[in-house]
Amino acid sequence: MPHASQLTREFYVRDTRLVARQLLGMRLVRRENDLRLSGIIVETEAYRGEEDQACHARVGRTARTQVMYGPPGHAYIYFTYGMHWMLNFVTEGEGYPAAVLIRAIYPEEGLDLIQARRNGQPRPRWTDGPAKLCQALNIDGRLHGLDLCAPHSEIFVEEGVPISDASVTNAPRVGLYTVPEPWKSIHWNFQLKVKGTLFEEQKVSS
DNA sequence: AGCACGATTAACT
DNA sequence: GTTAATCGTGCTC
């Protein structure tokens, strides 16, 4: 069986909230040497514009946020809490700062390596958080700015499983404490919830 | 130069 | 529910 097709830049150029929703059910792929690690994306969040007080670009264009102002379909990877890396995909048109945070995946390929990197954690906790999936897939600042649409890219997204609107839930974005309203409570978190599936089992355990 | 805080996680009471 | 770990970033002095 050939692998599904890699998403092109046209996918990422659209409204960040739509891209975040459409990423659910897609497959995140990490290429390491000749290995493929992958998982189905089950949780995302949208961050868009300098007016969004939860978005890093609220402070404008800096060395850190520069990539978010660049062309869509690139990786925005940042370091936080003194120890954790976060993976985002740049969205919308060049010059408008926006990105989708990948918060959780359901792991499918490379399980042995993922388990080893997750240091004895139970399977439902391997990739059920934004920093956890970066640890599991060996994603850090070295990959910041990477083009997700380039041939043989070390990170990319491909077609996964079809998702119905009924299986998607919206919620406020996670981890915002000092962010003013309406940004703190706006429902820009997207989760895949399919009763009776392993996707649900993972999120219930998180 | 110093400071407060962060799009988190794991371990603990 | 609470808290330590640990350091880059942006802001103030």
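Labels below follow one simple rule: chain letters A, B, ... track the order of the sequence lines, proteins then strands, and each chain is numbered from 1. As a basis for the values below, the full set of heavy atoms in this structure was taken, side chains included, without hydrogen atoms, waters or symmetry mates.
A:R61 has its CZ atom 18 Å from the C1' atom of C:dT9, to the nearest Å. At whole-Å resolution of the value, OH in A:Y78 and P in C:dG10 are 13 Å apart. Rounded to whole Å, the distance from CD1 on A:I77 to C1' on C:dG8 is 16 Å. Atoms OH (A:Y177) and P (B:dT9) sit 11 Å apart, rounded to a whole Å. Atom CG of A:L176 and atom P of B:dG6 are 10 Å apart (whole Å). We find that NE2 of A:H84 is positioned 11 Å from C1' of C:dA4, with the value rounded to whole Å. We find that CZ of A:R118 is positioned 8 Å from P of B:dT9, with the value rounded to whole Å. Atom-to-atom, CH2 of A:W183 to P of B:dA7 comes out at 16 Å; the value is rounded to the nearest Å.
With salt bridges taken as basic N to acidic carboxylate O contacts below 4.0 Å, none links A:R21 and A:D15.
Checking each of A:R30, A:E158, A:E109 against A:S38 for a side chain to side chain donor-acceptor pair (under 3.5 Å) leaves exactly one that passes, namely A:E109.
Donor-acceptor pairing under 3.5 Å is recorded for the side chains of A:Y76 and A:H56. In this model, no donor atom of one side chain and acceptor atom of the other lie less than 3.5 Å apart for A:E94 and A:Y96. With 3.5 Å as the limit, one finds no donor-acceptor pair spanning the side chains of A:R123 and A:Q115.
By the criterion of a centre-to-centre distance under 5.5 Å and near-parallel planes under 30°, the ring of A:Y81 forms a stack with the base of B:dG6.
Counting non-hydrogen atoms under 4.0 angstrom, A:A54 reaches a base of the nucleic acid. Within 4.0 Å of A:R64, counting heavy atoms only, lie sugar-phosphate atoms of the nucleic acid but no base atom. Using a 4.0 Å heavy-atom cutoff across all strands shown, A:M86 reaches sugar-phosphate atoms only and no base atom.
Dashed line: the shortest gap from a side-chain N or O of A:R125 to OP1 or OP2 of B:dT9 is not under 4.0 Å. Taking side-chain N and O atoms only, A:H56 has no distance below 4.0 Å to OP1 or OP2 of C:dT9.
Summarising the base pairing, C:dT12 is matched to B:dA1 through a Watson-Crick or G-U wobble pair whose two defining distances lie under 3.5 Å. Checking B:dA7 for Watson-Crick or G-U wobble geometry (two distances, each under 3.5 Å) identifies no partner in any strand.
Nearest-nucleotide positions on DNA chain B for A:Q135 and A:V174 put A:V174 closer to the 5' end.
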